[in-house]
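Notes to accompany the following structure.
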Amino acid sequence: MPEMPEVETIARKLRREIVGKTVSEVRLSGLSLRRPVDAAFAAVLRGRKVAAVHRRGKYLVLQLEPRAFALIHLGMSGRVFHWQGEIAPTPHTHGLIGFTDGSMLEYRDPRRFGLLSAHDGPRMRDIVEIKALGREPLSPGFDCEWLWPRLSASRREVKSFLLDQREIAGLGNIYVCEALFHAKIHPARRCHTLTQEEASRLVRAIRKVLRGAINNRGTTFSDFVASDGEPGSNQRFLRVFQRAGRKCRRCRAVIRCLRQSNRGSYYCPGCQV
DNA sequence: GCATTACCCTGAAAGC
DNA sequence: TGCTTTCAGGGTAATG
């Protein structure tokens, strides 16, 4: 499941591969993703040049020239490939963006929880999906001074807060579980009960797990691979995620899994209070 | 404002 | 072996 480090890995790769290329054609499967792909998607992209590749939260953003933006969200199972030359679409290929040099960008998404959208003209920060996103966890503004007042004002469970993209953009289930482990905070703790020291630990833990995951080119289970098809290696460093029933590497307690908002929360009952 | 539930979807794993 | 069922989860919407 692609979260911020996986999307960042793809963005870095695409930055080297497709910036400067001009879109010659766009083919869509016609099947609906998270929502139907707008009929204008192809028209907005065709003939435009890729000026830059950005990442915002879990969105991959292609900045086009003349000014327009294409948003790609990978959902649960989305993958992006850059191919040299013509390729045959798979049953799960929902978007093919061809460039004038003959290479192609393929969007593949078996579960179709992802999103493709195009926006002609606006500033990036005014795009509705981007506008809704909270702070970037690796930006200079993501610190305890920013986070603690927000935690103090919320009675939600901290796991739910951290997954909320309107608060912090880019965290998903894997890295929230891992960050809470490193910060020694139980996922069901109510935000307002966290001390300033715990909030500070949480900030450091979030930055640590994300930076580590980016360095490892993301976490690969079954779904995620970078745009060249190479898997990431961060799964080797996970401490709690999908390790229920196994022993904590720090305290030897047995890792548990509880359900929060219908998602699995993995934690160590020995380390996390 | 927040929690809960359902929904979208399909591959993998488990169960029979 | 082969079929059916269950589970996984990001984001959104409806409901309480």
Side-chain angles (χ1 to χ4, degrees), chain A residues 1-10 28-38 55-61 71-80 89-95 107-117 127-134 136-137 149-180 187-194 210 213 218-225 229 231 234-235 238 240-245 255-267:
Chain A
M1 44 223 93
E3 302 180 23
M4 186 269 246
E6 290 75 30
V7 181
E8 179 65 30
T9 299
I10 296 169
L28 300 169
S29 70
L31 293 174
S32 184
L33 301 176
R34 184 198 310 169
R35 59 170 193 250
V37 181
D38 197 297
R55 180 200 55 76
R56 181 76 174 89
K58 300 178 194 175
Y59 285 94
L60 205 53
V61 184
L71 261 54
I72 301 174
H73 193 291
L74 302 174
M76 284 289 302
S77 57
R79 291 160 70 171
V80 173
T90 73
H92 302 305
T93 300
H94 302 297
Y107 176 78
R108 208 187 283 179
D109 185 4
R111 283 178 233 186
R112 289 158 52 196
F113 280 12
L115 177 140
L116 294 176
S117 69
I127 297 169
V128 59
E129 289 91 345
I130 301 295
K131 213 173 182 173
L133 296 173
E136 282 290 326
R150 277 167 176 73
L151 292 172
S152 302
S154 173
R155 303 187 73 81
R156 305 167 73 177
E157 292 179 338
V158 64
K159 169 89 186 294
S160 162
F161 179 94
L162 296 176
L163 281 174
D164 190 337
Q165 302 300 301
R166 295 167 300 182
E167 300 285 353
I168 303 170
L171 291 178
N173 210 24
I174 298 175
Y175 299 112
V176 167
C177 289
E178 293 298 310
L180 287 169
R189 281 277 297 281
R190 299 281 167 181
C191 293
H192 69 102
T193 70
L194 267 60
L210 292 177
T219 301
T220 299
F221 289 110
S222 53
D223 294 323
F224 169 73
V225 288
N234 196 63
Q235 61 280 4
L238 300 180
V240 288
F241 189 77
Q242 291 197 345
R243 292 193 72 243
I255 304 294
R256 289 189 195 154
C257 179
L258 64 86
R259 310 280 317 160
Q260 289 178 289
S261 316
N262 237 358
R263 277 137 178 79
S265 291
Y266 297 86
Y267 69 101

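Chain naming here is simple, since letters A, B, ... match the order of the sequence lines and numbering starts at 1 in each. What's counted below: heavy atoms across the whole structure, side chains too, no hydrogens, waters or symmetry copies.
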Write down the distance between [atom1] ([X]) and [atom2] ([N]), rounded to a whole number of angstrom.
X         : N      : atom1 : atom2 : result
Arg150(A) : dG1(B) : CZ    : P     : 13 Å
Ile174(A) : dA8(C) : CD1   : C1'   : 12 Å
Arg108(A) : dC9(B) : CZ    : C1'   : 17 Å
Glu157(A) : dG1(B) : CD    : C1'   : 15 Å
Gln242(A) : dG9(C) : CD    : P     : 7 Å
Leu258(A) : dT4(B) : CG    : P     : 12 Å
Phe161(A) : dA3(B) : CZ    : P     : 11 Å
Leu33(A)  : dC9(B) : CG    : C1'   : 11 Å

**Message:** Main chain of Val240(A), side chain of Glu178(A): is a donor-acceptor contact present, judged purely on distance under 3.5 Å?
**Reply:**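 Yes, Glu178(A) side chain to Val240(A) backbone: donor-acceptor pair under 3.5 Å.
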For the backbone of Ile168(A) and the side chain of Asp164(A), can you confirm whether one donor and one acceptor N or O come within less than 3.5 Å of each other?
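Pair absent, no side-chain N/O of Asp164(A) close to backbone of Ile168(A).
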Strictly below 4.0 Å: does [X] bring a side-chain N or O up to OP1 or OP2 of [N]?
X         : N       : result
Arg112(A) : dT10(B) : yes
His92(A)  : dC9(B)  : no
Ser77(A)  : dG9(C)  : no

Of the candidates dG9(C), dA3(B), dT10(B), the side chain of Arg190(A) sits closest to dA3(B)
Closest to the side chain of Arg156(A), out of dG10(C), dG11(B), dA3(B), is dA3(B)
#### Entry: Sidechain N-carboxylate O distance under 4.0 Å for Arg56(A), Glu136(A)
yes
Original post:
Should the pair Glu129(A)-Arg166(A) be classified as a salt bridge under the 4.0 Å nitrogen-to-oxygen rule?
Top reply: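 Salt bridge between Glu129(A) and Arg166(A), a charged N being under 4.0 Å from a carboxylate O: no.
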Its contact letters, B for base, S for sugar-phosphate only and - for none at protein heavy atoms under 4.0 Å, make nucleotides 11-16 of chain C read BS----
